[in-house]
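To keep things clear, I will list the structure first and then write my remarks on it.
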Amino acid sequence: MAPVWSSCSNRFVLAATKLQSHTCFTTAIVIPLYHYSTIPQPYQPNPPNPSPKLVPLQLHKQNQSIPISFSSLNYKESIISAIKSISHKTHLLQIHARILTTTLIQDPAVSHHFLCRVSLSGPLQNPDYSRRFFEQISYSFVSHYNTMIRAYSLSDSPQKSLFLYRDMRRRGIAANPLTSSFVVKSCIRFLYLLGGVQVHCNIFKDGHQSDSLLLTALMDLYSQCQKYDDACKVFDEMPMRDTVAWNVMISCCIRNNRTRDALSLFDVMRSENYKCEPDDVTCLLLLQVCARLNALEFGERIHSYIMDHGYGGAMNLSNSLISMYSRCGCVDKAYEVFMGMKNRSVVSWSAMISGLAVNGYGREAIEAFEEMQRNGIQPDDHTFTGVLSACSHSGLLDEGVSFFDRMISEFRITPAIHHYGCMVDLMGRAGLLDKAYQLITSMEAKPDSTVWRTLLGACRIHGHVTLGERVIEHLIELRAQEAGDYVLLLNLYSSAEQWEKVVEVRKLMKQNSIQTTPGCCTIELNGVVHEFVVDDISHSRRVEIYNTLDEINKQLRIAGYVVELSSELHKMDNRGKGYALSHSEKLAIAFGVLVTPPGTTALRVASNLRICVDCHNFLKLFSAVYNRDVILRDRKRFHHFRQGHCSCSDYW
DNA sequence: CTAGGGTTAG
């Protein structure tokens, strides 16, 4: 049987008899009384003899008292404005009591405002408190549910909003699009895909399947739950797509490692078919993509788009530009943006510091750090990540240690795993392996796989086999071993010439069917990002590319290049069988030579792994023989090759 | 007779 109230919209109130009894509404009997719009005027108190309860409220706080004058006519308005403005806890408590003990309890507007005040802002802000009030008033409008569900969705226990939502449906109260959007938000908060799917179904049942805002929220849900295809499906089925919808789609691509697709969406959304103007958020997202893909030209396009559309003054965009330019290896451009800013926040300074650091300007990064403090900007944890990585990239051991100590004692920042990572890198590079190991074991937080992996890398450099074995045990314990770890271990054994162990590790890898991450490079030419994996044969111009590579190899051999395979098994082909002959770096370079005239710009390549010795030698010679600069960004840092030299002294 | 929705810098 249909619930009795379903015929009179959702506007019903509880039987007056239940009003004062503070019944928990789950057990209350709900009787529709009337449409609220037809209420004669029950809440215009103006009582001839005001009952003591309606006497103006005197709010006391220690020795001061705040009188709130209630002219009898706008009693309700006064209460509402009091609810909105009151900033002291006890006053709100008094109002709470006042509402419960008077006819105010029957007023949806009053209860709504009170619910908002105690759940979303103000001194009592606490979903449990609002839930109590919610149950005390014992009648429920969608708006009350919405407020409550929203409060939960923002709280530490977003699951509760889903419970309340289910409760609400069980009572036959129709959800409106807002209700659903709050619930979706909660599902995103705790990545509850199944619940989200349930809500998605209900949205259809409720007939809200064309609400583009709701659909956008659902896309975000699927995207954050790694359901790229489902997100795309929702996107495809959207009747109207505004800029935000496109933005969510782009962020979905980024989240799910479809970075090149994300880039292409910029032009698709602007095309004739869709005519959707990118906004500042679009730019923010795309700058992130450019930084990842090393797509400088595209980044510059976004930069001019920002300028042309009047977003130039936005702090977040400038910060993002700084980061993009420096991660594309153009510190000078990053610096230009930085200098052009009217105001600079910690974020700007930190971005600049990290930018300098990652490009090998360690000293300059430290100078920037000091300059920043002279400008009265307090560093935060991100700033120190930049400073510490500056030290580690430039081998400034003592400075790094002292910054680490100052960060803790002077700036009261508890080191995060990131900071430990930098320190381990720093110490490991300097050969202080045991100290680095001690540092990791002394950490309060549980060390994660990255930290151990950093140490393993250092063991590999210094050929410290016993420590390396201990580290791999930790990684195994974390169940976080990746192919790269085994490769490092393999290299460690082979550099120590322990060949039996090498065989053993190989067997182990085969047994556990460990997949190596395919080495993958991107190179941007004429604004298009090309991608190559090891021994790639998928490119349409593969024949020309391999011919060019052969030619380059020939030229370099004349100059004394020798392929170095034995000592370095850094990257293997993607089937994990053996040594790859054409690392993606070389393919990208060959392609660059193929499509650009000689002596033009530098070739800029980004790689997802660390560069190997062989490729490093190859690129050094290439830069001299072909007289072309190569800027290679590997997983950790930049290598600027020029005239047979590299900005990093040794290859690592 | 209220107000409440989706993307977002280092």
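On a predicted model such as this, the values are computed, not experimentally measured, just so you know. Throughout, a chain's letter reflects where its sequence line sits, starting with A, and its residues are numbered from 1.
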Please work out if A:Ala314 contacts a base, only the sugar-phosphate, or nothing of the nucleic acid, heavy-atom cut-off 4.0 Å. nothing

Of A:Asp211, A:Asn146, A:Val142, the one forming a side-chain contact (heavy atoms from CB on, under 4.5 Å) with A:Leu178 is A:Asn146

Ring geometry between A:Phe114 and A:Phe133 (parallel below 30°, tilted from 30 to 60°, perpendicular above 60°): tilted

Under 4.0 angstrom, heavy atoms only, what part of the nucleic acid is A:Leu214 near: base, sugar-phosphate, or nothing? base

Please work out if A:Val244 contacts a base, only the sugar-phosphate, or nothing of the nucleic acid, heavy-atom cut-off 4.0 Å. base

Name the nucleic acid region contacted by A:Met219, choosing base, sugar-phosphate or nothing; use a 4.0 angstrom heavy-atom cut-off, strictly under. nothing

I need the OH-P distance between A:Tyr145 and B:dA3, as an integer number of Å. 22 Å

Atom NZ of A:Lys342 and atom P of B:dA9: how far apart are they, to the nearest Å? 22 Å

Return the value, rounded to whole Å, for the distance between atom CZ of A:Arg255 and atom C1' of B:dT7. 9 Å

By the 4.0 Å heavy-atom rule, please label A:Val346 as base, sugar-phosphate, or nothing. base

Which part of the nucleic acid, if any, lies within reach of A:Ser323 when heavy atoms closer than 4.0 Å are counted: base, sugar-phosphate only, or nothing? sugar-phosphate

So what does A:Asn146 touch, heavy atoms closer than 4.0 Å: a base, only the sugar-phosphate, or nothing? base

Closest nucleotide among B:dG6, B:dT7, B:dG5 to the A:Thr216 side chain: B:dG6

Of the options B:dG5, B:dT8, B:dA3, whose atoms approach the side-chain atoms of A:Pro177 most closely? B:dG5

Rounding to a whole Å, what distance do you find between A:Ile377:CD1 and B:dG10:C1'? 13 Å

Sugar-phosphate only, base, or nothing, as touched by A:Asp280 at under 4.0 Å among non-hydrogen atoms: nothing

Is the number of heavy atoms from other residues, nucleotides or ligands within 6.0 Å of CG (A:Asp156) greater than 12? no

Contact class for A:Arg117 vs. all strands (heavy atom < 4.0 Å): base, sugar-phosphate, or nothing? nothing

Could you go step by step and tell me if A:Ser119 and A:Ser130 meet the side-chain hydrogen bond (donor to acceptor under 3.5 Å, both in side chains) rule? CA-CA 6 Å; A:Ser119 61; A:Ser130 12; 4.5 Å; no

